[in-house]
There are 2 protein chains.
Amino acid sequence: MTQSEENYLKAVYHLEGSQMGKVNTNAIADYMRTKPSSVTDMVKKLSEKGLLNYKRYQGVSLTVPGTKKALSVIRKHRLWETFLVEKLDFSWDEVHEVAEQLEHIESEKLIDQLDSFLGFPKADPHGDPIPDKNGELEEQHTRLLSLLPVNSSSICVGVRDTSVSFLNYLDKNKIALGDQIQVLEKEAFDDSVHIQIGERKLHLSNRIASNLFMK
Amino acid sequence: MTQSEENYLKAVYHLEGSQMGKVNTNAIADYMRTKPSSVTDMVKKLSEKGLLNYKRYQGVSLTVPGTKKALSVIRKHRLWETFLVEKLDFSWDEVHEVAEQLEHIESEKLIDQLDSFLGFPKADPHGDPIPDKNGELEEQHTRLLSLLPVNSSSICVGVRDTSVSFLNYLDKNKIALGDQIQVLEKEAFDDSVHIQIGERKLHLSNRIASNLFMK
DNA sequence: TTCAATATTTAGACAAAACTAAAAATATGT
DNA sequence: ACATATTTTTAGTTTTGTCTAAATATTGAA
């Protein structure tokens, strides 16, 4: 299994999760910043290997072995991100690029020992769940901050957007995973929300509030 | 710089160290388990990039930038080996294969933070010196156990052969880096040596004794 | 010094993964 | 339903790193 093949499986996994149903060629090309013709080539190869279901012009979906493989790459990615933040003092906006490389290292012992070394974490630094050795994901049951009613109070457990600019915004405004947040008021005009974190009051745009997972 | 290019530079570095002078095509091919014609192709490319000195039929040597690059890869390899043994409970015969992959991860911050996390180690689990951030190697001044005089006593600081079989032999006979070893007697017939480690007396073949670095 | 053995390079081919340009299939709007 | 727009695939090319087979250079022994 090459790195490129692993990246395609990961892409299909993420796209299946976000848009439900069959994943189309252009979506994969956009997601991977490559061309549709390259996607067709690789999709054929992966379907011959039994990792994708594919009929021409009909889009693709992961097979059971394909899903298993995708989850194993995601497990590695998220464990390495956790390692970088917890042990090597990386900030949460720096880890993605390096984890994209580390996720392709092949050694079952390495990843299981790393898991143990980190204390079998359930989520990575962005709050995304880490699959266990068997590919099982812990159910999240979270809601977006933008959808919570006025006066409700909950804990921030994850981010939907993991771009550097969004993570920087959160850092600058001292919003972190684990923070207790109360919704004070919602503006009907632009769907922005007034919140309270500890002693601080903040005003967040809908764009921001709809990228924070709360529990 | 691709992984393959890095592996060639590393190979030339090791061969320059062991056989002195220009390194020939066949030696590189043997070391890398590839064919001489493949070596010629890559050597041309690396010399065009200014990393190797090369004239046809005359063998190769590393340029200054080539040496620097080789040392940076070796630094990464040895730091990862140290990490695997010290933090993830790998044994010293299991680390090489995984480190061969990890050494190609590109991130200066990653490797410098790892160095710091490990406490800036001077040597890897086999006793080989770890180049610092600037590529400086600490001088070793060691001698092979097979060359030490009778009655001398010194500390085992490294292994020359790092094959799994040799490392297993040492583990089985409870010989480890840091052990104090005294030479009791040398057999003129086969150049084997009788030694004392702590309370234990052992008889080592010349083959074994000439693969242990002492200080 | 000359010829045979050895070492090295060249030439040509292949597989992987990408691309461009063009063709074909599907979807959509009126 | 039909023409047009969009999506997807095909065909052919490129780059990287490898290989085999053949050609060429170097070395060394008689």
Side-chain angles (χ1 to χ4, degrees), chain A residues 1-13 15-16 18-62 66 69-70 73 100-101 103-106, chain B residues 1-13 15-16 18-62 66 69-70 73 100-101 103-106:
Chain A
M1 170 106 321
T2 68
Q3 299 196 180
S4 187
E5 289 174 324
E6 290 187 345
N7 287 336
Y8 274 91
L9 293 179
K10 217 176 27 146
V12 175
Y13 182 90
L15 291 168
E16 267 188 344
S18 67
Q19 49 149 72
M20 291 305 286
K22 290 291 175 68
V23 177
N24 48 313
T25 305
N26 272 358
I28 299 174
D30 284 355
Y31 188 88
M32 301 197 63
R33 291 154 172 223
T34 181
K35 304 296 168 188
S37 55
S38 309
V39 174
T40 300
D41 288 345
M42 183 57 90
V43 148
K44 275 182 188 165
K45 201 210 300 190
L46 291 172
S47 105
E48 272 159 26
K49 292 192 177 190
L51 299 166
L52 290 180
N53 300 116
Y54 168 66
K55 284 205 195 92
R56 353 218 268 326
Y57 298 101
Q58 306 299 134
V60 300
S61 60
L62 287 164
K69 184 68 209 178
V73 178
E100 284 288 299
Q101 298 179 62
E103 73 187 6
H104 301 295
I105 303 293
E106 288 178 55
Chain B
M1 171 106 317
T2 66
Q3 298 195 183
S4 187
E5 289 174 327
E6 290 186 347
N7 287 336
Y8 274 92
L9 293 179
K10 218 176 26 144
V12 175
Y13 182 90
L15 292 168
E16 267 188 345
S18 69
Q19 49 150 73
M20 289 306 285
K22 291 290 175 69
V23 178
N24 48 315
T25 305
N26 270 0
I28 300 175
D30 283 354
Y31 189 88
M32 301 196 62
R33 290 150 174 230
T34 180
K35 304 295 168 189
S37 56
S38 309
V39 174
T40 301
D41 288 345
M42 182 58 91
V43 149
K44 275 183 187 164
K45 199 210 302 190
L46 291 173
S47 107
E48 272 160 26
K49 291 193 178 190
L51 298 166
L52 289 180
N53 301 117
Y54 168 66
K55 284 203 195 92
R56 347 222 270 326
Y57 298 102
Q58 304 299 135
V60 300
S61 60
L62 287 164
K69 184 68 210 177
V73 178
E100 284 288 298
Q101 298 179 61
E103 73 189 4
H104 300 296
I105 303 292
E106 288 179 57

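A, B, ... follow the sequence lines: proteins, then strands. Residue 1 opens every chain. Heavy-atom basis, side chains included; hydrogens, waters and symmetry copies ignored.
Atom-to-atom, NZ of Lys22(B) to C1' of dT26(D) comes out at 15 Å; the value is rounded to the nearest Å. Rounded to a whole Å, the OH atom of Tyr8(A) is 12 Å from the C1' atom of dA16(C). Counting to the nearest Å, the C1' atom of dA15(C) and the CD atom of Glu5(A) are 12 Å from each other. In this entry the distance linking CE of Met1(B) with P of dT16(D) reads 12 Å, nearest Å. What separates CG of Asn24(B) from P of dT27(D) is a distance of 11 Å, to the nearest Å.
Legend: residues meeting side-chain contact (heavy atoms from CB on, under 4.5 Å) with Gln101(B), ordered by chain and number and at least two apart, are Ile105(A), Glu106(A). Under the side-chain contact (heavy atoms from CB on, under 4.5 Å) criterion, Ser4(A) pairs with Thr2(A), Tyr8(A), Met42(A), not counting sequence neighbours.
For dT18(D), the OP1/OP2 oxygens have a side-chain nitrogen or oxygen of Ser4(B) closer than 4.0 Å.
The distance from atom NZ of Lys10(A) to atom NE2 of His104(A), rounded to the nearest 0.5 Å, is 5.5 Å.
With respect to Lys69(B) and Glu5(B), no salt bridge is recorded, no charged nitrogen being found less than 4.0 Å from a carboxylate O.
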Under 3.5 Å, sequence neighbours excluded: what are the donor-acceptor pairs made by side chains of residues 30-40 of chain B?
| from | atom 1 | to | atom 2 | distance (Å) |
| --- | --- | --- | --- | --- |
| Thr40(B) | OG1 | Pro36(B) | O | 3.2 |

What side-chain donor-acceptor pairs closer than 3.5 Å can you find for residues 50-58 of chain B, not counting sequence neighbours?
| from | atom 1 | to | atom 2 | distance (Å) |
| --- | --- | --- | --- | --- |
| Asn53(B) | OD1 | Ser61(B) | OG | 3.2 |

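Shown for residues 26-36 of chain B: residues whose heavy atoms fall under 4.0 angstrom of DNA chain C, namely Asn26(B), Pro36(B). Less than 4.0 Å separates DNA chain C from no heavy atom of any residue of residues 48-56 of chain A.
With hydrogens and angles ignored, a donor-acceptor pair closer than 3.5 Å exists between the side chain of Ser37(A) and the base of dT20(C).
Taking 4.5 Å as the limit, some side-chain heavy atom of Leu15(B) sits within range of a side-chain heavy atom of Ile28(B). Residues Leu46(A) and Val60(A) are not in side-chain contact: their nearest non-hydrogen atoms beyond the backbone lie 4.5 Å or more apart.
Glu16(B) places a side-chain N or O within 3.5 Å of a backbone atom of Leu62(B) that can act as its donor or acceptor partner.
Residue contacts shown for Thr25(A) are limited to sugar-phosphate atoms, with no base heavy atom under 4.0 Å away. Residue-level contact check: Asp41(A) touches the bases, meaning some heavy atom is under 4.0 Å from a base atom. Across all strands shown, Ser38(A) has heavy atoms under 4.0 Å from base atoms, whether or not it also approaches the sugar-phosphate.
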